Visitor: 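Have a look at this one.
Treat the numbers as computed from the prediction; the structure is a model and nothing was measured.
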Amino acid sequence: MQARLSILFLGKKAKASSKDELPIYMRVTLNGQRIELTTQRTANASKWDPKQGKMRGSSKDVISFNCYLDFLKNRVFDYQRELILEGKEVNILNLKNKIQGVAEKKRMLIPIFKQHNQELETLVGLDYSKGTLVNFNTTLKHVTDFLKWKFNLSDIEIKLVDHAFIADFDFYLRSVVKTANNSTVKNIRNFGKIIRNCISNGWLLSNPFVNYNGRMKEVVRDYLTESELNELYKKNFKNDRLAQVRDIFLFSCYTGLAYIDVQKLTPQHVGIGIDGEKWIFTYRQKTDVRSNIPLLPVAVEIIEKYKEHALCINKGSLLPVLSNQKMNAYLKEIASICNINKELTFHIARHTFATTVTLNNGVPIESVSKMLGHSSLKQTQHYAKILDKKVSQDMQSLKRKLIGEVNADDNAPNVIAL
């Protein structure tokens, strides 16, 4: 709806001075609502024309006075246009603030970012994982360092964040911080959430991320082959601590659970599934997605092995899981002992479950996705891309089928070279 704006000037007789000087006010009416503001000018009552809203006469003083009133009137219309261009509501309060020069509260980037992280922190364990908080705090540090590097500033008004700011921040991460492509894109995406919040609150009029094309590169993840997995299982470690870490790692290889999900398991997470066998019933810490996993013999064997372990009894945990840092340190030693020439980390166990243990053995990708606790099948599909063995098996099956069809019809044209 178009705003209805009218302006008139009036002399206040009730406030006239002893010399009959009338204080002149400007009445602004917008969509039926009005305000009256002083012009800081007075006019003699005998010279003031209340119908015309200006002084009578042609003297230089009168012309100058009336020109000033016209200037005030035109300025009000200018303020109305400014509100429209700024995307703000054209109402009497916003117009009054414009006329009186009431400064709009500046929204600064760093306090907005900090408030977001503080709110996120209160939701850790409910809607978010601790890792998500760590990631956003890291991005906040990068943004703070970038402001110092680029502008020599500790903060910046949010409305000054534009496309050039995003492009420069991307360049800074890649060239100065030297983050890899995927880490750069993740930081930019974290920052993008802050910007979307600002847009939703009306603090930003346009999206600075328009035409920004930050794309993740597919990462080929390491996993253990069948022979490496067997070597790890059969290895007899003299060091009990190494054997314990190996067992926990193997448990993850045969369940697909991430470190944090193995760590929080208790005996209560083990139950009897629909097939009458033992299952793990849990929720992924990272996504809070349900993950129900039938237990393979190796996983059951490991649970039985540690059910009387002191750490499990004292903490009520299913397995004696060390800190992630210690686990990964021991895994490097284990890899060396077992002649596994890979950077062995605990997360490789999850990849091993997805590839070697399940997909490579014909488990449908839909079932693998559900056991991994993925929220979409797309998350699981990148595992299927790296399985040459599965591709070979599928193609051999196709060849056998085609050969059978050719043999079944001697008159069929031989159009496929086998």
Visitor: With P364, which residues qualify under side-chain contact (heavy atoms from CB on, under 4.5 Å), at least two apart?
Guide: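 Expected list: E366, S367.
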Visitor: Filter on side chain to side chain donor-acceptor pair (under 3.5 Å), then keep only pairs touching residues 203-215, sequence neighbours left out; what's left?
Guide: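 Matches after skipping sequence neighbours: D170-Y212.
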Visitor: Hydrogens and angles aside, do N360 and T355 bring a side-chain donor and acceptor to less than 3.5 Å of each other?
Guide: no
Visitor: Under the side-chain hydrogen bond (donor to acceptor under 3.5 Å, both in side chains) rule, collect the residues that match up with D247, sequence neighbours excluded.
Guide: K305, Y306
Visitor: Is the shortest distance from a Lys or Arg side-chain nitrogen in R284 or D261 to a carboxylate oxygen in the other one below 4.0 Å?
Guide: yes
Visitor: With sequence neighbours left out, what residues match N239 under side-chain hydrogen bond (donor to acceptor under 3.5 Å, both in side chains)?
Guide: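 For N239, no residue satisfies side-chain hydrogen bond (donor to acceptor under 3.5 Å, both in side chains) once neighbours in sequence are set aside.
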Visitor: Set out, in order, the CA-CA distance, both residues' side-chain angles and the distance that settles side-chain hydrogen bond (donor to acceptor under 3.5 Å, both in side chains) for T179 and T184, then state yes or no.
Guide: CA-CA 6 Å; T179 56; T184 297; 2.6 Å; yes
Visitor: Return the set of residues passing side-chain hydrogen bond (donor to acceptor under 3.5 Å, both in side chains) with T42 (not counting sequence neighbours), or none when no residue passes.
Guide: E21
Visitor: According to ring pair (Phe, Tyr, Trp, His ring centres under 6.0 Å), does anything in residues 337-361 pair up with another residue at least two apart or in another chain? List the pairs.
Guide: Y259-F346, H347-H351, H351-Y383
Visitor: Give a yes or no answer on whether the side chain of T132 reaches the backbone of Y128 with a donor-acceptor pair at less than 3.5 Å.
Guide: no
Visitor: With sequence neighbours excluded, what pairs up with F191 under the ring-ring contact (aromatic ring centres under 6.0 Å, His included) test?
Guide: F165, F169
Visitor: Mind checking what makes side-chain contact (heavy atoms from CB on, under 4.5 Å) contact with S317, not counting sequence neighbours?
Guide: C312, K315
Visitor: Donor-acceptor pair, distance only, cut-off 3.5 Å: does the side chain of R246 make one with the backbone of L232?
Guide: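 Yes, R246 side chain to L232 backbone: donor-acceptor pair under 3.5 Å.
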Visitor: Kindly say whether I24 contributes a backbone atom to a donor-acceptor pair with the side chain of T39 at under 3.5 angstrom?
Guide: yes
Visitor: Only counting residues at least two apart or in another chain, list the ones meeting side-chain contact (heavy atoms from CB on, under 4.5 Å) with R75.
Guide: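 Residues passing side-chain contact (heavy atoms from CB on, under 4.5 Å) with R75: F71, D78, Y79, E82.
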Visitor: Output all residues satisfying side-chain hydrogen bond (donor to acceptor under 3.5 Å, both in side chains) with Q52, sequence neighbours left out; order by chain, then residue number.
Guide: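 Testing Q52 for side-chain hydrogen bond (donor to acceptor under 3.5 Å, both in side chains), a comparison that skips the adjacent residues, returns none.
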Visitor: Test: side chain to side chain donor-acceptor pair (under 3.5 Å). Region: residues 5-17. Which pairs qualify, not counting sequence neighbours?
Guide: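 Matches after skipping sequence neighbours: K12-E36, K15-Y25.
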Visitor: Less than 4.5 Å apart, side chain to side chain, heavy atoms only: is that true for L372 and R350?
Guide: yes
Visitor: Could you pull out the closest heavy-atom pair between L344 and I348, with the gap in Å?
Guide: CA-CD1, 3.9 Å
Visitor: Can you tell me if S252 uses its side chain to pair, donor with acceptor, with the backbone of A349 under 3.5 Å?
Guide: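 No, S252 side chain to A349 backbone: no donor-acceptor pair under 3.5 Å.
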Visitor: With the threshold set at 4.0 Å, does a side-chain nitrogen-carboxylate oxygen contact exist between E304 and K278?
Guide: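 Salt bridge flag = yes for K278 with E304.
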Visitor: Taking only distance into account, with no hydrogens and no angle test, what donor-acceptor pairs under 3.5 Å do side-chain atoms of residues 111-126 form with protein atoms, sequence neighbours excluded?
Guide:
residue : atom : partner : partner atom : Å
Q115    : NE2  : E119    : OE2          : 3.2
H116    : NE2  : K193    : NZ           : 3.1
N117    : ND2  : F136    : O            : 3.4
N117    : ND2  : N137    : OD1          : 2.9
T122    : OG1  : E119    : O            : 2.6

Visitor: Under a 3.5 Å distance rule, please check whether T139 uses its side chain to pair with a backbone N or O of N135 as donor and acceptor.
Guide: yes
